[in-house]
Colleague: 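For reference, the structure I am asking about is given below.
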Amino acid sequence: MHEDYYLKPNVMIEPLVDGWYAWAHLIPPATAARNLTERHLRIMDSYIESPETHQAAVKNPALLGGPFMDLEGDRVEQVKGLRERTLEERSRLIHLSRSIEKLDALLREKAAGYSLEALYAEVPACLQGYVELVYDLNNHPAFRLIEPLLYKSPFYDDSMQSVMLSEISGDDRPFVLSTPRLDKGNSVEVRAPFASTSLDTLFRMKREPCTLAEIRDALGLDAGGEQRFRSFLTTEKPRPYERYDGDGARWRYFGHACILLETRDLSILLDPVLSYTYESDISRYTYEDLPEKIDYVLITHNHQDHILFETLLQLRHRIRNIVVPRNGGGALQDPSLKLLLKQCGFQNVIEVSEMEEIPFDRGSITAVPFLGEHGDLNVLTKSAYLLRVDNHSLIFAADSCNISPKMYEHIHAVLGDVDVLFLGMECDGAPMSWIYGPLLTQRIERPKDHSRRLAGSNFERAIALVNEFRCKEVYVYAMGQEPWLNYVMSIKYTEKSNPIIQSDRLIEVCRSRGIVAERLFGEKEILLP
Ligand SMILES: [Fe+2]
Ligand SMILES: [Fe+2]
């Protein structure tokens, strides 16, 4: 009881909202409400009606990432229970979702270019005071949400939040956007809001010891929970982390778009998505390969494979500053990451605008405009980052799609050449509705939806970037190929997949010109002199 314990390095900690895996659209009240009615309830209804269809669909690679529950065995009764609970306890959010539909309909019917003032009285009651009605310069009506007030309203209910602890021993996890996390009898659910500091006490235990009594009290575990929780603990000290101690810098690839750049006195972590530590054939860096404190975490954009709550929450107590792109100010599809993170207990959230710079001792971070990959929706919350360290320059472009090469000419004129380019080339991309569908209140026709893809740069667009910045090294990353990230991705490529063909071509052309080029997978380490 008085012995010191650590959390085992393979203890997985899944943040949940009402039993569903917490991703960034499940936190802001308005996007949460829409996902609840248009994603979760629909999938639950469909599963209850025909669980066989779901079981067959999740085995079909062509339907990967589709609206199908990946549950072992017959879970109809459990899903029915979750559905009943949702309908009973979340009536307020269901009402909010329906009110957003009504507001959209009201604007379509009555906002014809004349003053909008008279329409305020007709805004559905529960949205009154939380919206401003506006036109663009061409008389197209829209509303903007006053997000800070919505977080303070009864619509933001952090009693929906919890974290689920269990042990993980392999890369297999179901795709989280369409499968709720049901208890399998081997997990402990801690009911605490994400902002709770007791979670930091828990997460610290991966590196700092704690007694059983201390952590039991912090988490408020009951006898049954405590029994199971004990199996997650170990007295074995974690492997110590050796910081980079050279005169230059070092970057390490952790998978997808997650890269750690370190100098002797500074650490920067981009788009943190981390694997737990367990036996595997694919070598990788994990949670154990991070410095005690991370000076800057940089988030490129609000897609679930780039802002991952599961990783971020566990690192919260180690993050000094977290840098996010500024949002557009109230559009339903563009919630503020700053507000969202602050609501979830993050301190020192720094919001950056396009071309804004954050200087530090031996260099700087510059937010670089990021176009495309968002289905042509007006989403401002996206940024590439240029890092300068001593005389090195590296640009992390994530899923930036070079749909306007002229923009990069202008950027190059301001920022100059860049040594190293990191670029995602997921150039087919899902249709816009894959992420944003639940936010639409009117059906979009299939051909339109399929023309507006969440797609990154193809060969032509990528090589234009390489040429513009006169890069000496090019790394294709953010391809979603690490198997431990399947649960937030939905892509499995073969040699014949277009993104592989396009990125192979980029690598070949770059190499033929003497440019170092590689598609990253698993892990990689590079030292900068
Ligand atoms: Fe993306
Ligand atoms: Fe991505």
Side-chain angles (χ1 to χ4, degrees), residues 21 23-26 31 64-65 175-177 253-259 269-275 297-312 323-325 327-328 333-335 337 340 367-385 395-403 421-439 449-450 452-458 461-462 465 475-493 497-500 502-503 506 519-522:
Y21 188 86
W23 61 289
H25 279 200
L26 296 195
T31 50
L64 219 59
F175 181 61
V176 293
L177 257 55
Y253 172 72
F254 281 65
H256 202 53
C258 181
I259 289 181
L269 184 65
L270 289 114
D271 286 349
V273 291
L274 298 173
S275 169
V297 162
L298 311 184
I299 302 292
T300 58
H301 65 300
N302 190 3
H303 285 159
Q304 79 278 1
D305 52 320
H306 297 264
I307 175 162
L308 190 69
F309 268 72
E310 177 169 346
T311 296
L312 282 178
V323 178
V324 298
N327 72 326
Q333 73 276 10
D334 193 20
L337 287 185
L340 187 160
V368 175
F370 170 154
L371 302 189
E373 213 253 344
H374 287 67
D376 300 323
L377 289 170
N378 189 4
V379 173
L380 260 189
T381 312
K382 49 197 196 335
S383 179
Y385 293 101
I395 190 164
F396 297 86
D399 298 332
S400 294
C401 190
N402 185 6
I403 44 182
L421 167 70
F422 292 82
L423 181 66
M425 291 184 70
E426 218 270 85
C427 55
D428 285 350
M432 181 270 281
S433 64
W434 188 63
I435 291 180
Y436 300 99
L439 309 182
D449 187 24
H450 282 247
R452 291 166 54 182
R453 306 195 78 87
L454 311 175
S457 293
N458 59 12
R461 290 167 170 174
L465 257 175
Y475 297 97
V476 176
Y477 76 149
M479 297 294 271
Q481 292 305 282
E482 285 79 17
W484 62 89
L485 291 170
N486 282 347
Y487 67 103
V488 282
M489 305 297 308
S490 64
I491 28 180
K492 266 199 184 96
Y493 294 141
S497 305
N498 191 35
I500 297 300
Q502 301 270 329
S503 51
L506 178 75
R519 186 171 55 235
L520 299 175
F521 175 78

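All ligand and atom numbering here is 1-based and tracks the order in the structure. Numbers here simply count residues along the sequence, with the first being 1. Note that the coordinates shown come from a computational prediction; the quantities given were computed from them, not determined experimentally.
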Colleague: Classify the side-chain pair E426/Y493 by whether it contains a donor and acceptor separated by less than 3.5 Å.
Modeller: yes
Colleague: A side-chain contact here means heavy atoms from C-beta on lying under 4.5 Å apart; do V273 and D305 qualify?
Modeller: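 In short, these two side chains do not touch, never coming nearer than 4.5 Å.
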Colleague: Can you find a heavy atom in the side chain of R519 that is under 4.5 Å from one in the side chain of L506?
Modeller: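 Contact flag for R519/L506 side chains = no.
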Colleague: Test of understanding: with salt bridge (charged side-chain N to carboxylate O under 4.0 Å, His left out), list the residues that count as partners of E482, not counting sequence neighbours.
Modeller: none
Colleague: What protein N/O/S atoms are found closer than 2.8 Å to the Fe ion (ligand 1)?
Modeller: H301 NE2, H303 ND1, E373 OE1, E373 OE2, D399 OD2
Colleague: Return the orientation label for the W434 and F175 ring planes: parallel under 30°, perpendicular over 60°, tilted otherwise.
Modeller: parallel
Colleague: Would you check if P499 and D428 make a side-chain contact, meaning some heavy-atom pair closer than 4.5 Å?
Modeller: yes
